[in-house]
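To start, the structure under review is shown below, and the notes come after it.
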Amino acid sequence: MKFFVDTADLAEIKDLASTGLLDGVTTNPSLVAQSGAKSFIALIEEICKVVKGPVSAEVAATDYATMLKEGQRLAKIAKNVAVKVPLTPDGLKVCKALSDGGTMVNVTLCFSASQAILAAKAGASFISPFIGRLDDISTDGMQLVRDIVQIYKNYPAFKTEVLVASIRHPLHLVDAARIGAHVATIPPKVIRQLYSHPLTDKGLAAFVADWQKTGQSILDAA
Ligand code: G3P
C-alpha cells in the first residue's frame with residue numbers, strides 16, 4: 001500500500017519524507033490556503049523536489065478550457081505532478097485529454113461507485129473517494145472503497161489506482177488496507193498516530209531500565 005501525505009505544509013512534508021515511508025503527496029485548494037504559501041506554483045515545485053512520487057496539484061477553474069490550460073501549466077512544473085481535477089463532466093474531459101497526453105491525473109471529490117467507473121474510463125491515474133466526508137453524513141465511506149476496488153478488479157483494462165482520501169483516523173487506514181486499496185492519503189497527524197501503542201511505550205521503558213541494570217554498552221563492546 002502506498003502512503004501519500006495530505007498536506008501542503010512543506011515543513012511537514014520534509015519531516016515525513018525523512019521517514020522513508022512516504023510515496024507521494026496530495027494537496028487541494030483548502031490545504032494550500034491553510035499553508036499560507038504565496039505562490040502555489042513555487043510550492044508544488046518545492047514539494048516535487050522533496051518527494052519523487054506523485055504530487056497532486058489541483059486546478060482552480062471549473063470550466064473545461066480553463067481547467068485544461070491550468071492542468072497543462074501544473075504538469076509542466078515537474079514530471080511527478082499529478083493534476084487533480086474535480087469529478088464533473090468537464091473535469092473528466094480534462095482528465096481524458098491530459099491522460100491521453102501522458103500526464104498523471106487524480107480525479108477528486110468522488111462520492112459514488114458510478115463516478116469512479118467514469119474516472120477509470122477517462123484514464124485517471126487515481127480516483128479519490130472521500131471517505132471521512134461520507135461518514136460525516138452517516139454514509140459508510142469504507143463501503144464505497146470496497147465497491148470501487150471490487151469493480152476495478154473486474155476490469156483489468158482499468159489502470160486507475162484507488163486513492164483513499166479524507167482519512168480521519170488510523171482505523172480508516174487499516175480498513176482501507178484490508179480491502180486492498182492501492183493508496184491512502186493521510187493527514188500528518190494521522191500518520192503519526194499510526195506509530196502509537198501504549199504497550200510499545202511501556203515495553204520499551206522496561207527494556208531500557210533493564211538494560212541499564214546490565215551496566216553494558218553495545219557500542220563500547222570489544
Ligand atoms: O485531499 C482531499 C481530502 O483528503 C480532504 O479531506 O478531511 O478535508 O475531508 P477532508
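Just the heavy atoms: all of them, side chains too, but no hydrogens, waters or symmetry mates, feed the values below. Everything numeric here is computed off the predicted structure, so don't read it as measured data. All ligand and atom numbering here is 1-based and tracks the order in the structure.
Some N or O of Asp6 is nearer than 3.5 Å to an N or O of ligand 1, by distance alone. Taking only nitrogen or oxygen atoms, main chain and side chain alike, Thr26 does not reach within less than 3.5 Å of ligand 1.
Taking the charged nitrogens against the carboxylate oxygens, Glu46 and Lys14 have no contact shorter than 4.0 Å, which rules out a salt bridge. A salt bridge does not link Asp136 to Arg133: none of the charged nitrogens lies less than 4.0 Å from a carboxylate oxygen.
When only non-hydrogen protein atoms are considered, atom 2 (C) of ligand 1 lies nearest to Phe130 CZ, 3.3 Å. Distance from atom 6 (O) of ligand 1 to its nearest protein heavy atom, with residue and atom name: Ser166 CA, 3.3 Å.
Contact annotation: for Glu58 versus ligand 1, there are no heavy atoms closer than 4.0 Å.
By the 30° and 60° cut-offs, the orientation of the rings of His169 relative to His172 is parallel.
Close contacts between ligand 1 and Arg168 involve ligand atoms 7 (O), 9 (O), 10 (P) [criterion: under 4.0 Å to a heavy atom]. Atoms of ligand 1 found under 4.0 Å from any heavy atom of Arg133 (numbered from 1 in listed order, with element): 5 (C), 8 (O), 9 (O), 10 (P).
With 3.5 Å as the limit, one finds a donor-acceptor pair spanning the side chains of Asp147 and Gln143. Between the side chains of Thr26 and Asp6, at least one donor N or O lies within less than 3.5 Å of an accepting N or O.
Looking only at distances, a side-chain donor or acceptor of Asp135 sits under 3.5 Å from a matching main-chain atom of Gly141.
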